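Position 1 is the first residue of the sequence, and the numbers go up from there. Keep in mind it's a predicted model, so treat the numbers as computed, not measured.
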Amino acid sequence: MRRSRMKDAKDLKENQSVPNDDMVKSSMQGDDLDASIPFHEHRASAEERLIRSQKHSKEEGGKLTRNVTLLQGVSLIVGVMIGSGIFVTPRYVLLHSGSVGMTLLVWITSGVMATLGALCYCELGTMIQRSGGELTYIQEALGPLPGFLVSWTMVLILKPASVAIITLSFASYAVQPFLKEGNAEPEDLIKLVAAISIIMITTVNCVSSRWAGQMQIIFMIMKLLAIGMIVVIGAARIASGHYENFVSPFKGTNTNVGEIAHAFFSGLWAYDGWNQLNYVTEELQNPHKNLPRGVMIALPLVTICYTLINIAYLSILTPAEMLSSTAVAVAVAEKVHPALVVVMPLFVACSCYGAANGSIFTNGRVVCSAAKEGHMPRYLAAISERFHTPLRAIMFPSFISICMLILGDLGSLLSCFSFVAWIFLGCTFLSLLVLRWKKPHEYRPYKVWIGIPIAMVTISCYLIIAPLIAKPKSSVVAVAFVLSGVPAYFIFVNRNK
């Protein structure tokens with residue numbers, strides 16, 4: 001009888017459903033459970049965590065997957081940085097610097113500054129492996145209110161306005177080969193083409209982040225081909241003896257400190273986008289290695305490209321011709337060969353399209369992070385179970401961009417808020433120093449030399465103060481909008497917490 005009862009008890013135990021041992025072991029290792037806890041308690045707690053994880057996954061509607069490779073990360077940085085800027089802004093750098101030598105020095109120095117800033121972001125991104133960029137780091141170091149003000153301004157103004165301007169540049173260059181000589185650009189048609197391009201890019205990003213990444217690689221190659229073509233033409237010109245613009249390179253250099261600062265503003269604007277990979281940290285494969293690698297590949301590559309293309313510009317055009325041109329790359333095409341007049345605008349249009357694709361890709365992650373933090377409506381943080389992309393978070397800023405296209409006057413809007421971006425960048429560099437003090441023993445896979453963030457905070461202070469002095473009215477308007485987020489925080493965010 002006793003043996004029979006023991007056999008029945010054994011059969012009953014074997015028939016009970018228990019969690020898979022491999023799953024339990026994985027859960028134990030992943031959560032660093034204390035070794036002194038008995039195994040059956042480990043298994044019970046693992047089962048509870050599994051249930052909570054499944055519940056959380058259903059509530060969120062899926063999760064982001066790590067499918068952004070190192071190559072796609074590099075193409076994201078390069079693709080956003082190389083937009084229309086390098087084909088337009090060189091004239092402004094030359095205008096404010098005053099000489100060929102100083103112009104090249106500004107381009108190289110701006111690249112070094114962008115690289116130093118990106119290295120600071122590498123430490124933050126590898127330590128805090130969450131998407132969102134500035135809003136995530138500032139909230140972690142300086143508190144929830146500053147983090148909300150970043151979300152408030154970036155989501156509602158800075159990010160959508162940037163996409164709208166990039167797509168307008170794309171549309172302008174895309175229609176240019178089809179216009180008859182002397183005809184004015186049709187404003188309504190350009191806005192329509194820009195709106196259609198936003199819808200197309202948004203659709204691709206909603207359906208597949210992998211497709212968006214592959215598209216980014218294609219457009220990066222096209223950008224580099226366009227730059228390479230101009231550089232080869234310039235090298236041929238120099239080899240044939242056309243280097244007269246480089247004989248006395250620093251002759252006529254502007255000695256006004258304010259003018260030199262404006263030259264750096266123009267140069268740094270062309271380098272804008274070096275922080276894009278930090279917005280998608282959650283989707284980057286092996287982020288503690290690929291984030292620094294991506295930065296150290298992309299930033300020197302862009303700096304070399306920008307320096308070489310400016311040397312090429314100045315070997316083909318005289319400084320006077322460069323200053324009189326609204327689109328330097330097109331002026332180069334007109335001077336070299338008539339066939340390039342058709343090809344070059346299309347190359348620039350592709351460059352702008354790639355920059356818009358990268359911006360929309362990262363914009364969705366910023367909105368998603370803001371929604372997860374409670375800064376935006378929670379439903380924006382939902383991840384599509386089918387596509388594994390933040391559909392609503394991608395569509396929301398794109399909708400604002402299209403509205404901005406309809407309203408117009410984007411140039412003055414972005415000019416008004418340009419220095420606000422440097423406030424956020426400066427606060428991010430400061431956040432690195434604050435986290436070094438608050439969390440000195442936190443594991444940092446990548447650690448930058450302390451002098452670099454100190455230098456970047458100092459540079460940011462200058463780039464914030466200079467516009468306040470030069471354009472106090474527009475700067476005050478921008479600051480007023482940022483501060484309008486304070487009552488919104490206490491009414492909608494803090495009260496719900």
Side-chain angles (χ1 to χ4, degrees), residues 79-92 160-205 212 215-216 218-227 229-230 233 269-270 273 309 313 317 321-322 324-360 397-415:
V80 176
M81 289 179 70
I82 305 178
S84 62
I86 189 58
F87 303 107
V88 177
T89 56
R91 67 186 290 258
Y92 298 107
S162 177
V163 168
I165 285 187
I166 292 171
T167 51
L168 278 175
S169 298
F170 158 75
S172 178
Y173 280 104
V175 303
Q176 191 169 330
F178 305 101
L179 296 177
K180 292 182 179 179
E181 190 174 350
N183 286 8
E185 292 184 345
E187 187 176 337
D188 293 338
L189 177 61
I190 288 174
K191 286 185 176 182
L192 178 62
V193 172
I196 292 171
S197 68
I198 291 174
I199 293 169
M200 290 175 62
I201 296 170
T202 301
T203 302
V204 172
N205 278 271
M215 189 164 69
Q216 197 66 16
I218 293 170
F219 282 108
M220 179 186 72
I221 294 169
M222 295 187 72
K223 293 169 192 283
L224 296 178
L225 283 174
I227 291 173
M229 184 170 61
I230 295 174
I233 294 170
W269 183 79
I309 197 171
Y313 285 153
L317 303 174
E321 289 173 333
M322 198 164 164
S324 63
S325 173
T326 54
V328 181
V330 176
V332 167
E334 289 173 347
K335 190 166 182 177
V336 173
H337 198 279
L340 289 177
V341 177
V342 177
V343 175
M344 190 56 66
L346 293 177
F347 268 121
V348 178
C350 289
S351 181
C352 295
Y353 195 87
N357 178 63
S359 296
I360 288 174
S398 295
F399 174 74
I400 297 176
S401 296
I402 293 173
C403 292
M404 286 181 169
L405 286 175
I406 297 169
L407 296 174
D409 199 23
L410 289 169
S412 60
L413 179 67
L414 203 60
S415 175

*Of all heavy-atom pairs between I82 and S351, which one has the smallest distance, and what is that distance?*
O-OG, 3.0 Å
*P90 versus M322, closest heavy-atom pair with distance*: CB-CE, 3.4 Å
_Measuring from atom CG of L317 to atom CD of E334, what distance do you get when rounded to the nearest 0.5 angstrom?_
9.5 Å
*asked:* Rounded at 0.5 Å granularity, tell me how far CE in M81 sits from CE in M220.
replied: 13.0 Å
_Where L405 and A195 come nearest, the two heavy atoms and their spacing_ = CD1-N, 3.7 Å
*For the ring-ring contact (aromatic ring centres under 6.0 Å, His included) test, which of F170, Y353, F347 pairs with F219?*
Y353
*Check the pair I360 / S398 against side-chain contact (heavy atoms from CB on, under 4.5 Å), numbers first and verdict last.*
CA-CA 7 Å; I360 288 174; S398 295; 4.0 Å; yes
*Does Q216 use its side chain to pair, donor to acceptor, with the backbone of G354 at less than 3.5 Å?*
yes
*asked:* Could you measure the distance from the OH atom of Y173 to the CG atom of L168? Nearest 0.5 Å is fine.
replied: 12.5 Å
*What is the distance from atom NZ of K191 to atom CG of L407, rounded to the nearest 0.5 Å?*
8.0 Å
*asked:* Given S359, which partner from the list V80, I165, I201 fulfils the side chain to side chain contact (heavy atoms under 4.5 Å, CB included) test?
replied: V80
*Closest approach of A174 and L346, non-hydrogen atoms and distance?*
O-CD2, 4.4 Å
*Mark yes or no for whether S197, through its side chain, and A194, through its backbone, hold a donor-acceptor pair below 3.5 Å.*
yes
_Checking the side chain of T202 only, and the main-chain atoms of I198 only, is there a donor and an acceptor separated by less than 3.5 Å?_
yes
*Find the distance between OG1 (T167) and CD1 (I190) and round it off to the nearest 0.5 Å.*
11.5 Å
*Main-chain N/O of P397 paired with S401 side-chain donor or acceptor, under 3.5 Å*: yes
*Go through the steps for V330 and Q176 under the test side-chain contact (heavy atoms from CB on, under 4.5 Å), then give the verdict.*
CA-CA 10 Å; V330 176; Q176 191 169 330; 3.9 Å; yes
*Minimum heavy-atom separation for C350 to M222, with atom names?*
SG-CE, 3.3 Å
*Exercise: identify the closest heavy-atom pair between M344 and A333*: CB-CB, 3.8 Å
*Test L340 against M229 for side-chain contact (heavy atoms from CB on, under 4.5 Å), laying out the working first.*
CA-CA 10 Å; L340 289 177; M229 184 170 61; 4.0 Å; yes
